[in-house]
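What follows is a single structure, written as structure tokens, with notes after it.
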Amino acid sequence: MRQSRHVGRTLREVPKDAQTAAHSLMLRAGCIQQLSAGVYSYLPLLHRTLNKIAQIIREEMTRAGSEELLMPALQPRELWEESGRWERYTAVDGIMFAFKDRRGSTSCLGPTHEEVVTEILRREINSYKDLPKCVFQIQTKFRDEIRPRFGLMRAREFIMKDAYSFDADDAGLEASYEAMRQAYHRICQRVGYKYRAVEADSGAIGGSGSSEFMVLADTGEEVVLFCDRCEYAANQEKAASKLEQFAPDTAQAPMEEVFGEGLIGVERLAKFLQIPVWKTTKTLIYEADEQTVAVMVRGDCDVNEIKVANFLGCRALKLASAERIKGLTGAEVGYAGPIGLPAGVRVMADQDVNGRVNFECGANKTNYHNINVNFVRDLPLPEFGDFKLAKAGDGCPHCAGRLQAARGIEIGHIFKLGTKYSGAMGCTYLDTNGKTRTVVMGCYGIGVSRMAAAWIEQSHDAKGIIWSPQIAPYHVHLTPLNLEDETVRGQAEALYERLQSEGIEVLYDDRPLRAGEKFSDADLLGLPIRLTLSKRTVEAGQIEFKRRTDAKPELLSADDAIARIREICGL
RNA sequence: CGGAGCGUAGCUCAGCCUGGUAGAGCGCCAGCUUUGGGAGCUGGAUGUCGCAGGUUCGAAUCCUGUCGCUCCGACCA
């Protein structure tokens, strides 16, 4: 491609709306243009990268036995009512674009395709002989994000690959899931990410098990925890952990109410009470749909709201307002405790709250704390469960190692759905005994446009993007100088032709610009290899070869340069 | 959803408080010089000041509404 005809001019100034490196660089390199909040045009450079990513995904999906199709983005309300997700996706979470057409029927733009794919496959599957099946598509998805941000990272319109497996039983699902898991590893490895696969919460999609593929980057929105000794790795939303255990007191002391003015925050409180932090207790009051719950965690922990919501099976979980807390506990925020709450409040506690003797908790009275509290004697046993947020430094749940934290960008998420959709929508088959059974499903998503953004987030420097050869828009940036010189111009044109004829993708900067502008643009666009011709190189009879990651260029013959390009780009 | 901020030239922004009919830098166009990391000089073009009302002799500026964009958000007991 001749750069003089290329659409996607570079920007010298940093666009004000860009909060992250990837967003800023994509705008500056002319990869994207914003059309409205969270909606972007993919300009030619990025379009090429997206196609390359899509191609890698296609190849790996196909290798794993999945077949490509394309489903409608525009979907009827009735289908979503059949699966039972309409209300949640529209009224409750509002994540789905929905609207009436001219006939008055309601449609939506699909944020995901479980309903449609189940509709397709339930007509396809009759017998166990028709299983397993697996299909995928690469398509534009729509999510009415509460707050779109970071460019392509959290957009309202984005490109995603989603695959769906259909099996006769759980064993079949395990096999399908494993094939997809392997495919996802291969995709990440082929692109070249530094990444981790982690255990994850399955969220709104539902289902029993899931893994996320996280590209490691400091600006990632997710926190992943992984063990320094074993293979355990999980999203913080899902992660379990073992807390350090302390020897309990040998005898119960009498419960006491202690005045401690304005003591909010467990560190200060523990110091004041002269007890270790692990003996303090945080009690948080939540509104969970229609019920009110109090959740207790050890003072050195925080509540993992996702675990609580999953335990309760509620749709919405949020901290109670200050007024509500005052109404329930009679105290200002900060002094809630499990003793003396109104009868309707359901009391739950993280399991590590148990096993302590003479612990502290809020007294439901402003500025007062109870100490030497003991279950059974002072209050009934609450419902115990795993409700704490695991954090770096906690013990690994599976071995004696410690958890470490890293930030990541979630690019892929695979789920064992089970029969949630097939059951609701009647996707069944007859087994060998002629008995009707429900198909067991899995779903496997990976964000194509987000993968491009994640790559840049992980691979850039002060000057610009550093593409990997596998997903770079072009392999080579041909940047001749002194184009006014006939000889240079002639050689540049000839080299441009030769590279193309050899199947090397080349962006040819044929603009009559100065060296500084060309090189700065080349660094910004970040193609893997830069080739430069000039009066100097003509005299030397060689061409200048520089990788984006090299500091200095080297002089090579055209043949040698092409050989190097082939080697680097795996051509 | 709540809170806040911003919409002025292609881009980044000043001007607004204190009303008098619009500016800078970069970019763009022409010419000359320059020519290996965004060079210099000279000349030039460019705006429904987001939109709609209102106040006023007069509105980018004040008021109201509206649309768009951006940022922040339960101080965890």
[N], OP1 or OP2 - any side-chain N/O from [X] closer than 4.0 Å?
X       : N      : answer
R9(A)   : G27(B) : no
Q34(A)  : U70(B) : yes
R147(A) : C72(B) : yes

Indicate whether any N or O donor in one side chain lies under 3.5 Å from an N or O acceptor in the other, for N367(A) and Y335(A).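 Yes, because at least one side-chain N or O of N367(A) sits under 3.5 Å from a partner of the opposite role on Y335(A).
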Closer to the 5' end of RNA chain B via nearest nucleotide, is it F150(A) or T10(A)?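 Result: T10(A).
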Between V303(A) and L35(A), which is nearer to the 5' end of RNA chain B once each is assigned its nearest nucleotide?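 Here L35(A) is the residue nearer the 5' end.
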Select base, sugar-phosphate, or nothing to describe what [X] touches, counting heavy atoms under 4.0 Å on all strands.
X       : value
Q19(A)  : sugar-phosphate
S36(A)  : sugar-phosphate
R530(A) : base
I325(A) : base
A37(A)  : sugar-phosphate

Closest nucleotide among [options] to the [X] side chain:
X       : options                : value
F519(A) : G37(B), G38(B), C1(B)  : G37(B)
K318(A) : A74(B), G37(B), U35(B) : A74(B)
E305(A) : G37(B), C76(B), U70(B) : C76(B)
N482(A) : G38(B), U35(B), A74(B) : U35(B)
E13(A)  : G73(B), G25(B), C69(B) : G25(B)

Does any donor-acceptor pair link the side chain of R514(A) with the base of U34(B) at a separation under 3.5 Å?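 Side chain to base: pair present.
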When you compare [N] with [M], how far apart are their [atom1] atoms, in angstrom units rounded to a whole number?
N      : M      : atom1 : value
U56(B) : U12(B) : P     : 37 Å
G27(B) : G47(B) : C1'   : 16 Å
G5(B)  : G23(B) : C1'   : 23 Å

Between K365(A) and E257(A), is there a salt bridge with N-O shorter than 4.0 Å?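 Yes, this pair counts.
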Looking at F384(A) versus F375(A), is the centre-to-centre ring distance below 6.0 Å?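 F384(A) vs F375(A): aromatic centres under 6.0 Å.
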CG of D218(A): more than 12 outside heavy atoms within 6.0 angstrom?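 Atom CG in D218(A) is not packed in, count stays at 12 or less.
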Within a strict 4.5 Å, meaning less than it, do heavy atoms of the Y42(A) and I159(A) side chains meet?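 Y42(A) reaches I159(A) side chain to side chain.
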